[in-house]
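Below: one structure, written as structure tokens.
The chain is numbered in sequence order, starting from 1. Hydrogens, waters and symmetry mates are skipped; everything else that's a heavy atom, side chains included, is used.
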Amino acid sequence: MSELNAYKQKLEAEIEQAEAKLKDLKAEAKSSAADAQIRMQYDQRTQELEQHIDNAKAKLKELGGASEDAWEELKEGIENAWDSLRNAVREGAAKVKEKFKD
């Protein structure tokens with residue numbers, strides 16, 4: 001397996017994990033007896049997470065069209081998108097859990 005393909009698979013797995021985490025957070029918030037203000041904050045946070053996931057998917061698509069030689073040039077931008085996604089998921093999960101704990 002080429003280094004590029006291994007990198008793509010790693011990023012695809014990270015997107016899947018982020019989407020699963022977002023799904024879990026949505027389910028947790030739905031089952032919580034939250035007031036309207038907290039629910040609005042939750043909706044804003046999940047929309048931000050969804051935007052980060054969409055950005056990461058766009059970078060992955062961009063990477064998909066890259067040749068073995070050219071992908072190294074894209075790597076820094078892709079890494080920045082992944083770092084942003086990871087941080088957003090971590091922060092989002094912490095904030096949602098803090099707001100919705102019983």
Determine whether the side chains of Gln51 and Asn55 contain a donor N or O and an acceptor N or O closer than 3.5 Å.
yes
What's the separation between atom OH in Tyr7 and atom CD in Glu12, rounded to the nearest 0.5 Å?
12.0 Å
Output for pair (Lys59 NZ, Lys61 NZ), nearest 0.5 Å, gives 13.5 Å
For a quick test of reading the model, state the closest non-hydrogen atom pair linking Lys8 to Leu60 and the distance between them.
O-CD1, 4.1 Å
Any salt bridge linking Arg86 with Asp83? Criterion: basic side-chain nitrogen under 4.0 Å from a carboxylate oxygen.
yes
Determine whether Lys57 and Glu19 make a side-chain contact, defined as any pair of heavy atoms from C-beta on separated by less than 4.5 Å.
yes
To the nearest 0.5 Å, tell me how far Thr46 OG1 sits from Leu22 CG.
6.0 Å
